[in-house]
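A short write-up of the structure that comes next.
Order of the sequence lines sets the chain letters (A, B, ...), proteins ahead of strands, with each chain counted from 1.
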2 protein chains.
Amino acid sequence: MTSSPTPTKRRDAARTRQALLEAARARFASDGYAATTVRDIADDAGVNVALISRYFSSKEGLFEACLTTAADDFHRSTGATTLNEVPERIAEQAAGIDSDGVPRYLVLLLRSSGDARADEIRIGMLRTFAERLAALAGWEEGDDRLLLRAQVTIAAALGIALLRSTTTLEPLRSATKEDLLSPVTDLITAILGNRA
Amino acid sequence: MTSSPTPTKRRDAARTRQALLEAARARFASDGYAATTVRDIADDAGVNVALISRYFSSKEGLFEACLTTAADDFHRSTGATTLNEVPERIAEQAAGIDSDGVPRYLVLLLRSSGDARADEIRIGMLRTFAERLAALAGWEEGDDRLLLRAQVTIAAALGIALLRSTTTLEPLRSATKEDLLSPVTDLITAILGNRA
DNA sequence: CTCGGAAGTAAACAACTGTTGACGTACGGG
DNA sequence: CCCGTACGTCAACAGTTGTTTACTTCCGAG
């Protein structure tokens with residue numbers, strides 16, 4: 001073999017930082033904050049525990065960093081343009097939870113660490129998410145009725161994602177994006193669709 | 001005052017057991033399993049920590065007991081008869097989360113301890129809940145399509161309950177039962193209502 | 001009254017948690 | 001080639017966790 005077993009075993013702060021971040025996001029999303037130990041994360045990332053404190057100051061700091069990157073992913077992957085596209089987006093986000101592990105940021109939104117600052121980030125994401133969704137449905141500031149409906153929609157999506165990722169409830173667990181599309185579409189158009 | 005400050009300070013195993021159970025349900029629901037310590041529970045109940053091990057063998061045992069009593073509450077309070085009543089039931093369950101703390105069993109359904117047996121109980125509750133709901137919509141065994149829709153409905157309800165109880169997201173947080181009734185009704189009738 | 005057992009308490013335990021400081025070691029500019 | 005410095009490891013720390021053991025206190029049957 002010409003390539004070494006691990007392509008990059010060389011020292012690279014940015015790379016190990018990233019490895020820690022990804023391992024942490026996976027653990028925090030699937031097990032929650034309190035049930036995840038820093039040694040679990042370090043082992044998953046294949047590095048030493050002490051590096052968590054070095055790069056992120058603390059476990060809380062690492063969690064905040066996870067939320068921040070999750071917010072970035074979220075802003076990047078939810079550039080939905082029209083209300084019609086929303087159901088498909090949500091369906092594929094909720095469906096993809098356990099495949100490539102892509103949208104773990106969804107479940108992270110429901111994981112609290114008890115830390116005030118982390119919770120602010122979390123709620124901030126939820127708030128902008130809701131306002132963006134409401135805007136697609138014709139929301140203008142002050143209309144609490146429609147904003148509530150957007151938040152209910154998000155709560156529903158998060159509930160689906162969480163239930164799929166933390167239980168073995170069938171057929172929900174194994175439902176594909178196509179399976180979810182129909183009920184999710186009905187759900188969203190009913191809540192946000194053409195209002196009277 | 002004729003009555004003593006604490007009406008029953010006398011030794012009563014059944015009563016302290018019950019106090020532990022209620023304190024545990026509140027803590028587990030609001031903080032999750034891992035973030036809750038047995039000393040927290042014991043202090044809330046006003047008894048000694050050792051009694052948890054005595055009455056429930058372990059912290060896991062206490063959690064299982066919480067799930068069991070939650071299942072009872074759930075069976076008692078979800079005796080919905082017709083599909084038309086379902087939205088109002090769900091709305092008031094999801095709305096009442098933080099008032100009298102009545103339906104904490106809802107949030108418990110989303111709290112995992114990592115223990116296999118406890119998870120079986122949890123998923124069993126979800127399964128029967130879904131099947132009962134699906135039955136109201138005309139489900140017959142083998143119809144995975146409708147069962148999935150029932151599970152999506154439950155996931156949505158749990159998501160609303162969890163978001164309300166673990167964040168300060170407004171206006172969702174302060175929404176009353178009446179506020180929730182309209183979107184929840186739309187949601188349920190859209191997913192479970194008269195199907196084509 | 002009394003005494004056996006149940007109810008409750010206090011203290012200690014081993015294991016585990018997050019965090020830190022001192023210590024190696026590889027990398028790359030000189 | 002060399003060596004400072006950033007990267008990584010190791011081992012220990014203080015505190016907390018769930019659990020157990022020995023002990024005290026209360027109640028009520030005999």
d([atom1], [X]; [atom2], [N]) in whole Å:
{"X": "B:Asp43", "N": "D:dG18", "atom1": "CG", "atom2": "P", "result": "12 Å"}
{"X": "A:Leu20", "N": "C:dT19", "atom1": "CG", "atom2": "C1'", "result": "15 Å"}
{"X": "A:Arg15", "N": "C:dA26", "atom1": "CZ", "atom2": "C1'", "result": "16 Å"}
{"X": "A:Asn48", "N": "D:dT9", "atom1": "CG", "atom2": "C1'", "result": "5 Å"}
{"X": "B:Leu62", "N": "D:dT17", "atom1": "CG", "atom2": "P", "result": "16 Å"}
{"X": "B:Asp31", "N": "D:dT17", "atom1": "CG", "atom2": "P", "result": "12 Å"}
{"X": "A:Lys59", "N": "C:dT17", "atom1": "NZ", "atom2": "P", "result": "9 Å"}
{"X": "A:Phe56", "N": "C:dT19", "atom1": "CZ", "atom2": "P", "result": "13 Å"}

Among [options], find the nucleotide with the atom closest to the side chain of [X].
{"X": "A:Arg10", "options": "D:dT19, C:dG28, D:dT25", "result": "C:dG28"}
{"X": "A:Arg54", "options": "C:dT25, D:dT9, C:dA10", "result": "D:dT9"}
{"X": "B:Thr37", "options": "D:dT17, D:dT21, C:dG24", "result": "D:dT17"}
{"X": "B:Ser58", "options": "C:dA7, D:dT19, D:dG8", "result": "D:dT19"}
{"X": "B:Ser53", "options": "C:dT19, D:dT19, C:dT9", "result": "D:dT19"}

Do [X] and [Y] get their side chains close enough for a donor-acceptor pair, meaning under 3.5 Å?
{"X": "A:Asp179", "Y": "A:Thr176", "result": "yes"}
{"X": "A:Tyr105", "Y": "A:Gln93", "result": "yes"}
{"X": "B:Ser182", "Y": "A:Arg149", "result": "yes"}

Which of these, A:Arg117, A:Arg25, A:Lys59, sits in a salt bridge (Lys or Arg N to Asp or Glu O under 4.0 Å) with A:Glu64?
A:Arg117
Under 4.0 angstrom, heavy atoms only, what part of the nucleic acid is A:Tyr55 near: base, sugar-phosphate, or nothing?
sugar-phosphate
Is the base of D:dT17 touched by the side chain of B:Arg39 through a donor-acceptor pair closer than 3.5 angstrom?
no
Specify the residue among B:Thr16 and B:Val49 whose closest nucleotide of DNA chain C lies further upstream toward the 5′ end.
B:Thr16
Comparing A:Ile52 with B:Leu51, nearest DNA chain C nucleotide closer to 5' gives the residue B:Leu51
Does the Lys NZ or Arg CZ of A:Arg132 fall within the cation-pi geometry relative to A:Phe74 - under 6.0 Å from the ring centre and within 45° of the axis?
yes
